[in-house]
Amino acid sequence: MYALVDGNNFYVSCERIFRPSLNGRPVVVLSNNDGCAIARSNEAKALGIKMGAPWFQIQHLADEAGLVALSANFALYGDISDRMMSLAAGLGHRQEIYSIDESFVELTGIRGDLAERSHKIRARILQWVGIPTCIGIGPTKTLAKLANHVAKTAERKPGVYPDHYAQVCHLGALSPQELNAVLAATEVGEVWGVGRRIAQQLKDGGIHNALDLTRVDLATIKRRFSVVLERTVRELQGTPCMALEDEPATKQQIAYTRSFGQSVRRLDELQEAVTEFACRASEKLRRQGSHTGQVLVFVRTSPFRAKDPQYSCSAVFPLPIPTSDSTTITEAALAVLDGIYQAGFNYAKAGVMLLDLVPAERHQYTLDLDLSQALEQGWGTALGRRAPVSQHVQALARERLMGALDKVNGRYGRGTVMLASAGLAGPARSWTMRQERMTPRYTTCWEDLAPVRA
DNA sequence: TCTGGGGTCCTAGGACCC
DNA sequence: TCTGGGGTCCTAGGACCC
């Protein structure tokens, strides 16, 4: 049996902890660049604001309906998430942190009334951290997800499901008739793993709700769609196909991409941005203990500016020796940028992606063969050659330099030490993000600590 | 004027190999 | 006239997730 613990309207709830005056009001949290709504309070949803709605299209609601918009404050959300996760873990023995606001908890071996236990954990998270959550329980992860959807919907929209499923819903405790009623009341597109495209195709085929989906022919689903959807159907039928993954998997690629605060035309500005992005991606790479073998850079104009000439291009720089060194990665990224940059466009976005990741401890040395030597003296001699000792010493020194860089930036703040080609902070960096409604980093920064009045 | 970021997995098709 | 069978690897694109 699995539980899924999910923070309600998570980013908005984080903001409300430190600003209780936002309770009861329509609130949205905006994406980077204050571009569009990525989290909405129930009141904002009631105003008809859709997920991903561009801010400039809903801005009028600020005056008309008291809508409050805030810039995304990921330092705050990450810290609140850690606190919520540690309490949610108390529900069972093993936990998989699935996203910033969701975790699966395995309930195998837990005795007693699971729903009652969940209500207690829920109350604790609300009181100790300040985040309202919903908990769904089911025999598979897909059913736990569905139960969570039921718990949330029963709380927010009365009438769809029985009221007592609100906040905590335990599908494993239902009779077959009750379970079928829940599945029948759930649109097929709400099932985890069924997106917009597949939902439409299923509906065209007469499969409208989750109950319909449990009754399809597995072989047909596999043939017409994929093994992925087949797995979803099995899970919906109660057969576990997805295990709990409590060890976070090492990433296979690492990206740092951003839209610019305003469009950028000049190469030197793009060079600044790409330097910064390459360094940030390299930091992430070192944090997970990997080296990269390929650096990809892309630039593109905005598809929303239909009148602008459009351009989008990317290219890869293969590194002869995998590395996590910021300067090497940046040099590679800038070389790619030189190759793909075209003058005369309004660039809206760029990114650096690190591919072909390998564990840092797996060293790879260049073969450095001298072919003529090999032919004259045999392969053994040629392979026996070693790169000069100085090269290894240099590599070691670089590693320590990067370690020191990360430590300094970790302690004194990001950007304390950086590569000069990233440009100096200030108005000169025209490409930096717009964040005009940012709240303080209440829990992760001394200067931003909330004052308490007597 | 103004539209996010970061991932994963699967599949089909082509290149290539024996 | 008539041209096999089986396999791997890589890439691009599509679908999904939050």
Side-chain angles (χ1 to χ4, degrees), chain A residues 4-11 28-40 49-60 62 69 71-74 77-78 81 96-104 141-142 145 148-149 188-202 221-232 241-242 245 248-263 277 280-281 284-285 288 294 296 298 300-308 314-316 318 346 348-357 433-437:
Chain A
L4 180 72
V5 186
D6 186 327
N8 300 350
N9 313 330
F10 185 66
Y11 296 166
V28 293
V29 170
L30 302 175
S31 63
N32 280 333
N33 265 320
D34 295 343
C36 49
I38 54 171
R40 307 156 293 155
I49 297 171
K50 298 275 181 261
M51 185 66 173
W55 170 237
F56 73 92
Q57 284 175 9
I58 55 174
Q59 196 168 12
H60 62 96
S71 302
N73 183 346
F74 291 111
Y77 311 151
S81 171
E96 170 185 344
I97 294 172
Y98 178 66
S99 74
I100 193 162
D101 69 332
E102 288 174 73
S103 69
F104 288 102
K141 285 165 86 173
T142 302
K145 264 283 212 187
N148 186 275
H149 167 76
V188 74
E190 299 293 346
V191 174
W192 190 39
V194 179
R196 263 225 315 274
R197 284 266 164 55
I198 291 177
Q200 190 54 55
Q201 291 177 46
L202 287 171
I221 285 290
K222 184 176 176 182
R223 183 164 37 80
R224 280 207 42 208
F225 295 91
S226 67
V227 291
V228 185
L229 190 63
E230 186 201 4
R231 198 162 53 206
T232 293
C241 302
M242 294 182 230
E245 288 163 28
T250 49
K251 297 197 190 322
Q252 298 173 38
Q253 57 181 57
I254 285 174
Y256 196 95
T257 73
R258 284 291 178 277
S259 297
F260 302 133
Q262 47 187 289
S263 59
F277 297 175
R280 299 290 273 275
K284 290 195 210 178
L285 185 69
Q288 87 155 21
Q294 286 192 327
L296 180 147
F298 73 84
R300 55 169 251 210
T301 53
S302 169
F304 298 108
R305 298 175 60 150
K307 284 179 213 151
D308 276 12
S314 73
V316 167
N346 291 318
K349 184 173 181 174
V352 172
M353 296 169 85
L354 307 180
L355 316 171
D356 253 9
L357 306 192
M433 281 190 282
R434 259 195 320 276
Q435 290 175 316
E436 287 162 7
R437 303 147 193 280

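Below, chains carry the letters A, B, ... as their sequence lines are ordered, and counting in each starts from 1.
Across all strands shown, A/Ile100 has no heavy atoms under 4.0 Å from either base or sugar-phosphate atoms. A/Gln59 comes within 4.0 angstrom of no nucleic acid atom, judged by non-hydrogen atoms across all strands. Within the 4.0 angstrom heavy-atom criterion, no nucleotide atom of any strand lies near A/Leu30. Counting any heavy atom pair closer than 4.0 Å across all strands shown, A/Asp34 reaches no nucleic acid atom. A/Gln252 comes within contact range of the sugar-phosphate backbone alone, with a heavy-atom separation under 4.0 Å but no base atom that close. Among the atoms of the strands shown, none is found under 4.0 Å from any heavy atom of A/Lys222.
Remark on DNA chain B: of its neighbouring residues A/Val227 and A/Gly52, the 5'-side contact belongs to A/Gly52, judged by nearest-heavy-atom nucleotide. In this structure, A/Val228 and A/Ile254 both approach DNA chain B, and ranking their closest nucleotides by distance from the 5' end singles out A/Ile254.
In the set B/dC2, B/dT8, B/dC10, B/dT8 carries the atom at the smallest distance from any side-chain atom of A/Gln253. Taking the side chain of A/Thr257 as heavy atoms from C-beta on, and the options C/dA15, C/dC18, B/dG5, the nearest nucleotide is B/dG5. Each of B/dC2, B/dT8, B/dG4 was ranked by its minimum atom distance to the side chain of A/Lys251; first place goes to B/dT8. Residue A/Lys284 places its side chain closer to B/dG7 than to any other of B/dG7, B/dC2, C/dA15. Listed candidates were B/dG6, C/dC16, B/dT8. Nearest to the side chain of A/Ile198 is C/dC16. Of the candidates B/dC10, B/dC2, C/dC18, C/dC18 carries the atom nearest the A/Lys145 side chain, counting heavy atoms from C-beta on. With B/dG6, B/dT11, B/dG4 as the choices, the nucleotide that has an atom nearest any side-chain atom of A/Arg258 turns out to be B/dG6. For A/Ser259, whose side chain is taken as the heavy atoms from C-beta onward, the closest listed nucleotide among B/dG7, C/dA15, B/dG5 is B/dG5. Among the nucleotides C/dC18, C/dA15, B/dG5, the one closest to any side-chain atom of A/Asn32 is B/dG5.
Separating the P atom of B/dT3 from that of C/dC18 is a span of 25 Å, rounded to the nearest Å.
Seen from the ring of A/Tyr256, A/Arg258 counts as a face-on cation partner, given the 6.0 Å and 45° thresholds.
Between the side chain of A/Arg300 and the backbone N or O of A/Lys349 there is no donor-acceptor pair closer than 3.5 Å.
For the pair A/Glu436 CD and B/dT3 P, the computed distance is 12 Å after rounding to whole Å.
A 3.5 Å limit on both hydrogen-bonding distances identifies C/dG5 as the Watson-Crick or G-U partner of B/dC18.
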